[in-house]
There are 2 protein chains.
Amino acid sequence: MDTCEYAKIFKALGDETRLKIFEMLRGGELCACKILENLNITQPTLSHHMKILCECGIVMARKDWKWTHYSLNCALLSGLIAHLGDTKCRRNTEE
Amino acid sequence: MDTCEYAKIFKALGDETRLKIFEMLRGGELCACKILENLNITQPTLSHHMKILCECGIVMARKDWKWTHYSLNCALLSGLIAHLGDTKCRRNTEE
DNA sequence: TTGTCGTATAGATATTTGTCAATATAATAG
DNA sequence: CTATTATATTGACAAATATCTATACGACAA
């Protein structure tokens with residue numbers, strides 16, 4: 001995973017609507033129609049956002065008959081968290 | 001910290017140039033001129049990016065004589081990591 | 001086949017964004 | 001005062017983006 005891919009994830013999460021979707025999915029898998037119910041956007045707009053979330057890898061799609069179910073890619077999320085956590089953070093009081 | 005503020009942070013990190021800056025700062029505090037040396041952008045463009053990084057709170061500026069030193073806001077970063085880590089991530093194999 | 005339902009794509013448009021050159025600002029030195 | 005140095009701001013512009021309406025696609029039902 002290089003910097004460019006992380007940038008893609010951050011960019012995906014950097015839109016308020018998509019971050020809301022991300023937060024919804026943190027509770028577990030959801031179908032597109034359920035997500036749509038909780039947002040004030042049209043269906044094509046949701047489809048557009050889901051594509052972006054899937055293309056960066058942080059969200060996965062699963063088709064089940066007519067419905068598409070979305071869930072977080074937990075492995076990728078864990079990797080991202082681990083990467084962020086690997087930061088040299090000194091206590092601000094001293095060098 | 002509400003969702004909107006996280007979106008601002010993610011948006012800030014969603015640009016490749018700014019993510020590079022973020023990665024540089026993970027190694028510790030740096031002056032603007034040092035950051036500029038490692039990027040192929042002009043000084044005004046760097047200034048613009050630093051403003052965005054500071055406005056979302058993830059980067060802090062410290063003026064010392066003629067130089068401005070930038071460093072990560074470790075408290076905010078920790079909060080972000082904790083938030084992300086608080087995700088209900090099931091093993092993908094079972095319900 | 002025709003209709004319905006959930007989702008995706010195409011095309012248009014207004015807004016946002018990243019970048020630059022030019023200029024300003026603030027602090028210091030002489 | 002003037003000159004220098006590091007950084008910030010302004011204004012312009014091309015590229016990217018979020019959103020919509022209209023339409024297409026795919027799966028199933030009758």
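Order of the sequence lines sets the chain letters (A, B, ...), proteins ahead of strands, with each chain counted from 1. Since this is a predicted model, take the numbers as computed values, not measurements.
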- Task: List the steps and the verdict of side-chain contact (heavy atoms from CB on, under 4.5 Å) for B:T87 and A:I81.
- Result: CA-CA 11 Å; B:T87 302; A:I81 293 171; 5.7 Å; no
- Query: For the pair made of NZ in B:K63 and C1' in C:dA27, what is the distance, rounded to whole Å?
  - Reply: 8 Å
- Message: Please determine whether residues B:I52 and B:M60 belong to a single hydrophobic cluster, defined as Ile, Leu, Val, Met, Phe, Trp and Tyr linked transitively by side-chain heavy-atom distances below 4.5 Å.
- Response: no
- Query: Taking the side chain of B:C31 as its heavy atoms from C-beta onward, which of C:dA8, D:dT7, C:dG6 lies nearest to it?
  - Reply: D:dT7
- Looking only at side-chain N and O atoms, does A:K11 come under 4.0 Å of OP1 or OP2 in D:dA16? no
- Query: Nearest-Å distance, CG (A:D15) to C1' (D:dT19)?
  - Reply: 11 Å
- Message: Within the 4.0 Å heavy-atom criterion, would you say B:T45 contacts the bases, only the backbone, or no part of the nucleic acid?
- Response: base
- To the nearest angstrom, how far is A:H48 atom NE2 from D:dT23 atom P? 21 Å
- Base, sugar-phosphate, or nothing: which does B:H49 touch, judged by heavy atoms less than 4.0 Å apart? sugar-phosphate
- Item | Atom-to-atom span, CH2 of B:W67 to C1' of D:dT4 - whole angstrom | 12 Å
- Hey, does A:L46 reach any base, or is it just sugar-phosphate, or nothing, if we go heavy atoms under 4.0 Å? nothing
- In this structure, are over 12 heavy atoms from other groups packed under 6.0 Å from B:D64 atom CG? yes
- Note on the structure: Considering only heavy side-chain atoms of B:K51, the closest of D:dT9, C:dC5, C:dG18 is D:dT9
- Task: Give the nucleotide from the list C:dT7, D:dA8, D:dA22 with an atom nearest to the side chain of A:P44.
- Result: D:dA22
- Message: If I take atom CG in residue A:L30 and atom C1' in nucleotide C:dG6, what distance separates them, rounded to the nearest angstrom?
- Response: 16 Å
- Query: Looking at D:dA6, does its base get a donor-acceptor pair with the side chain of B:Q43 below 3.5 Å?
  - Reply: no
- Query: Whole Å only: how far is the CD atom of B:E55 from the P atom of C:dT17?
  - Reply: 11 Å
- Winner on side-chain proximity to A:T68, out of C:dA8, D:dT19, C:dC5, is C:dA8
- Transitively linked via ILVMFWY side-chain contacts under 4.5 Å: A:L39 with A:V59? yes
- Query: Think A:T42 has a side-chain N or O under 4.0 angstrom from the OP1 or OP2 of D:dA22?
  - Reply: no
- Query: Hey, does the side chain of A:W65 come within less than 4.0 Å of D:dC28's phosphate (OP1/OP2), counting only N and O?
  - Reply: yes
- Message: Before you tell me yes or no, could you show the steps for A:E5 and A:K8 under salt bridge (Lys or Arg N to Asp or Glu O under 4.0 Å), namely the whole-Å CA-CA distance, both residues' side-chain angles and the distance that decides it to 0.1 Å?
- Response: CA-CA 5 Å; A:E5 293 181 63; A:K8 228 177 162 186; over 6 Å; no
- Task: Could you tell me the separation between the CD1 atom of B:I41 and the C1' atom of D:dA8, rounded to a whole number of Å?
- Result: 14 Å
- Query: For B:E16 and D:dA16, what is the distance between atoms CD and P respectively, to the nearest whole Å?
  - Reply: 13 Å
